[in-house]
Every structure is written in C-alpha cells, then in structure tokens.
Participant: 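The structure is given below, and queries will be raised subsequently.
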Amino acid sequence: MVKINGEDCNAAGMFLSDYLKENGYKLVRIAVERNGEIVPKAMYDQTLLADGDALEVVSFVGGG
C-alpha cells in the first residue's frame with residue numbers, strides 16, 4: 001500500500017506518472033513529494049511506487 005495525501009491506495013508497482021494520469025491530475029499544475037522529498041517532473045516516468053511510500057500531491061491554484 002502507498003499512502004497518498006493521507007489515504008491508503010493500492011498503487012505499489014505503478015509508475016508515478018501512470019498513477020497521476022489515471023487519477024486525473026494535470027501534470028503541469030502539481031508538485032509531488034515522495035517520502036519527504038520533492039520528485040522532479042522529469043522523474044515521474046521513472047519513479048516506481050513501492051509499498052510503504054508516502055506521497056503528497058499538491059495542486060497549484062491561481063487567484064487573487
């Protein structure tokens with residue numbers, strides 16, 4: 001299990017980019033932290049999610 005934004009998710013074995021796309025995230029408007037470290041966007045296709053990982057996905061919102 002992978003904890004994503006505080007919720008358990010069966011995403012172990014998936015690449016980060018695949019998880020994000022399947023769940024409707026717009027890659028240009030988010031930042032991802034994995035186990036306390038920011039994942040560079042260039043690494044999303046190479047980052048394999050593993051049991052015990054903790055992710056925080058933050059969406060950027062414009063406004064004023």
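The first residue of the sequence shown is numbered 1, and numbering continues consecutively from there.
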Participant: What pairs meet the side-chain hydrogen bond (donor to acceptor under 3.5 Å, both in side chains) rule with one or both residues in residues 14-27, with sequence neighbours excluded?
Facilitator: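 Counting only pairs at least two positions apart or across chains, the side-chain hydrogen bond (donor to acceptor under 3.5 Å, both in side chains) contacts touching residues 14-27 are Ser17-Asp45.
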Participant: Taking Ile4 as the starting point, is it possible to reach Ile38 by hopping between hydrophobic residues whose side chains are less than 4.5 Å apart?
Facilitator: no
Participant: Using the test side-chain hydrogen bond (donor to acceptor under 3.5 Å, both in side chains), find all partners of Thr47 that sit at least two apart in sequence or belong to another chain.
Facilitator: none
Participant: Treating Asn5 as the side-chain partner and Val57 as the backbone partner, does any N or O pair qualify as donor plus acceptor under 3.5 Å?
Facilitator: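 Here the side-chain-to-backbone pair exists.
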Participant: To the nearest 0.5 Å, what is the distance between CG on Leu48 and CG on Leu16?
Facilitator: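 Here the interatomic distance stands at 10.0 Å.
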Participant: Verify, without hydrogens or angle tests, whether Lys41 (side chain) and Ala31 (backbone) share a donor-acceptor contact under 3.5 angstrom.
Facilitator: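 Here the side-chain-to-backbone pair does not exist.
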Participant: For the side chain of Lys3 and the backbone of Gly52, is there at least one donor-acceptor N/O pair under 3.5 Å apart?
Facilitator: no
Participant: Do you know the tightest heavy-atom contact between Asp8 and Met1?
Facilitator: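 Between these two residues, the closest heavy atoms are CB-CE, 4.1 Å.
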Participant: To the nearest 0.5 Å, what is the distance between CD on Glu56 and CD1 on Ile30?
Facilitator: 12.5 Å
Participant: Which other residues belong to the hydrophobic cluster containing Val58, where Ile, Leu, Val, Met, Phe, Trp and Tyr are joined when side-chain heavy atoms lie under 4.5 Å apart, directly or via other members?
Facilitator: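 In the cluster with Val58 there is nothing else; it is isolated.
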Participant: Please report the closest heavy-atom contact between Ala12 and Ala50, naming both atoms and the distance.
Facilitator: CB-C, 4.1 Å
Participant: Output yes when Asp53 and Arg34 qualify as a salt bridge under the 4.0 Å nitrogen-oxygen rule, no when they do not.
Facilitator: yes
Participant: Evaluate side chain to side chain contact (heavy atoms under 4.5 Å, CB included) for Asn10 paired with Val2, printing each intermediate quantity in order.
Facilitator: CA-CA 6 Å; Asn10 191 15; Val2 177; over 6 Å; no
Participant: Spell out, yes or no, whether Phe15 and Tyr44 are grouped together once hydrophobic residues are joined by side-chain heavy atoms under 4.5 Å, including indirect joins.
Facilitator: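 The answer is no; the residues belong to distinct hydrophobic clusters.
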